[in-house]
Amino acid sequence: MPTMDYLIRSSRVIDVSGGDVSGASGPGANAASAPLDAEVDVLVQGGRIAEVGKGLAAPKGVREIDGRGNIVLPGLVDLHVHLREPGQEYKEDIESGSRAAAAGGITTMCCMPNTRPVNDCRAVTDLIVRRSREVGIARVLPIGAVSKGLEGKSLAEFGEMKEAGIVAVSDDGRPIMDAGLMRRALEYGKTFGLPVVQHAEDLNLAEGGVMNEGAVATRAGLRGQPPQAESIMVARDIELVEWTGAQYHVAHASTARSMELVRDAKKRGLPVSCEVAPHHFTLTDEACASYNTDMKVAPPLRNESDRQALLQALADGTVDCIATDHAPHSEVEKDVEFDCASCGMLGLETALSLSLELVNDGVIDLRRMAYLLTQGPARLFSLDAGIGTLAVGSPADLVMFNPETRWVVDRNAVQSRSKNTPYHGRKVPGQVLLTLFGGNPVFDRKGLCDE
Ligand code: DOR
Ligand code: ZN
């Protein structure tokens, strides 16, 4: 099917790829050009960004879209998603996950390897790449396993997975507990240009805790795990980064101490980065007091002082990107006692709105938000130049949303195959109206692109 051409008129268009809004110590400063933040038109032709500017002439046959009152960003980039295909399609598959992404304005997502079978070899990477192209609703970039079968014993085949298209390696869902294996992972990761993404959780300190250790866990009678289970592993890993010089990324960083460690490592010029998930900057362990299993996640929701430290770190440049850790689970895994429930929450359809809450609360400005959701993640995993930008010639991946519209999250209205959102009933700002992926409308709330 040939793509239509579109001209989006008079939205506030923000593209920070031309400037440095990465924060105090973030990567990739580019003082030569400035970020774009202006009310302009965006012309999409042949699936690419053809022109961005004021009062553009409409070429023949182009569909004009009135964008007044809306914001346009490059399609959002999410470095941390669980798509469950192959193997657990009853929770999610590449198609339902891509639809959820499109509804949330996300056009590029990196999917974690804890599928069944695990993505630890070329055949599984190939399958994910092929299937996501067939679906064609979002760009799916696989992350390969660090260890074969996620067993933490021997390294997976980084080289052949890299050839097949992985952009990073991780045992996410499980930590790389063995420091010797982590050393080798960093060394091989460096050789192949693959960042190593750590699920930082010392299992001996975590002792199977099902929520954050502290007063709330005590009152609820649930076993807690201390924030040090995370930060001790981050500290150890930073020692290994200093030794190996390899690129290291902390997944879903959740504690105040982790933020201090990453901040300090960056000051020392180490190739250390981190992401924060919306649930960790919007919710605390108080949410577990009602035994709602949709609040169970790894790492667990922390206390208010940890949350405040994340907000500070989002603002000051310590955090490199917002990533959802979208982790669908069915009622079979969630409709059980808190102790027995699987860890994980949906994230794709609410990330933009929850990030906008940060803007409305004065924690960050819109440009910094745009960075954290587009250029920040794209640079971390060295994604292709056209991703996370509206530069002329880039694939026309973009999201248009109304920042004023408020909507109520409804677990029964999600695109995801699972319903485990912790935000059911929450009123949030910012409604996605249109998502273009390669110039195709993959989400179009109001039929703006209809023939
Ligand atoms: O809560 C989580 N769920 N944390 C993880 O690290 C893994 C994920 C999953 O795969 O369900
Ligand atoms: Zn994860």
Side-chain angles (χ1 to χ4, degrees), residues 78-93 97 100-101 109-119 128 140-147 149-150 152 167-177 195-203 206 208-212 225 229-230 233-234 249-255 258 274-280 283 285 287-288 292-302 321-334 336 338-348 351 377 381 416-423:
D78 187 350
L79 297 188
H80 192 147
V81 173
H82 297 270
L83 290 177
R84 309 299 191 205
E85 183 175 351
Q88 293 183 309
E89 290 83 354
Y90 69 99
K91 300 185 191 213
E92 193 82 287
D93 62 18
M109 44 183 174
C110 301
C111 61
M112 286 296 178
N114 62 340
T115 46
R116 314 238 171 117
V118 168
N119 182 12
I128 295 167
V140 176
L141 303 171
I143 294 173
V146 165
S147 68
L150 303 179
V167 294
V169 287
S170 181
D171 273 0
D172 180 63
R174 296 184 191 170
I176 301 153
M177 278 288 283
V196 179
V197 181
Q198 175 71 293
H199 171 120
E201 177 183 355
D202 185 302
L203 297 173
V210 296
M211 66 173 288
N212 188 48
Q225 60 164 282
E230 174 176 303
M233 186 162 276
V234 172
H249 179 73
V250 186
H252 42 50
S254 68
T255 76
S258 296
C274 72
E275 72 195 26
V276 167
H279 48 263
H280 287 125
L283 302 169
D285 54 0
C288 302
N292 176 357
T293 58
D294 288 338
M295 301 299 171
K296 186 174 175 186
V297 65
L301 300 177
R302 303 293 185 180
C321 67
I322 292 170
T324 64
D325 194 10
H326 177 82
H329 289 292
S330 80
E331 258 132 61
V332 177
E333 292 92 17
K334 284 293 194 182
V336 294
F338 201 91
D339 275 338
C340 306
S342 293
C343 291
M345 307 172 159
L346 301 187
L348 291 168
F381 286 4
S416 177
R417 184 156 299 147
S418 295
K419 298 179 190 298
N420 56 310
T421 173
Y423 298 108

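Just so you know, ligand 1 is whichever comes first in the structure, and atom 1 is the first atom listed for that ligand. The analysis underlying the following values was restricted to heavy atoms, covering all of them including side chains, and did not include hydrogens, waters or symmetry mates. Residue numbers start at 1 and run along the sequence shown.
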At the Zn ion (ligand 2), NE2 of His80 and NE2 of His82 open up to roughly (10° bins) 110°
Looking at Asp172, the N, O or S atom sitting nearest the Zn ion (ligand 2) is OD2
In chain-and-number order, ligand 1 lies under 4.0 Å from a heavy atom of each of His82, Arg84, Asn114, Asp172, Gly173, His199, His252, Val297, Ala298, Asp325, Ala327, His329, Cys343, Gly344
Could you tell me whether the side chains of Ser418 and Glu92 share a donor-acceptor contact shorter than 3.5 Å?
no
Note to self: Run Lys296 and Lys334 through side-chain contact (heavy atoms from CB on, under 4.5 Å) and show every step you take.
What the structure shows: CA-CA 9 Å; Lys296 186 174 175 186; Lys334 284 293 194 182; 4.2 Å; yes
Checklist entry - Can a donor-acceptor pair be found between the side chains of Asp325 and His82 at a distance below 3.5 Å? => result yes
- request: Classify the angle between the aromatic ring planes of His80 and His252 as parallel (below 30°), tilted (30 to 60°) or perpendicular (above 60°).
  value: tilted
With Ser254 as partner, the option from Arg302, His279, His280 fulfilling side chain to side chain donor-acceptor pair (under 3.5 Å) is Arg302
Checklist entry - Should Met345 and Leu301 be marked as a side-chain contact (heavy atoms from CB on, under 4.5 Å) after you check the CA-CA gap, both sets of side-chain angles, and the distance that decides it? => result CA-CA 11 Å; Met345 307 172 159; Leu301 300 177; 4.1 Å; yes
Looking at Asp325, the N/O/S atom that lies nearest to the Zn ion (ligand 2) is called OD1
* Asked: Going by an N to O cut-off under 4.0 Å, is there a salt bridge joining Glu89 and Arg417?
  -> no
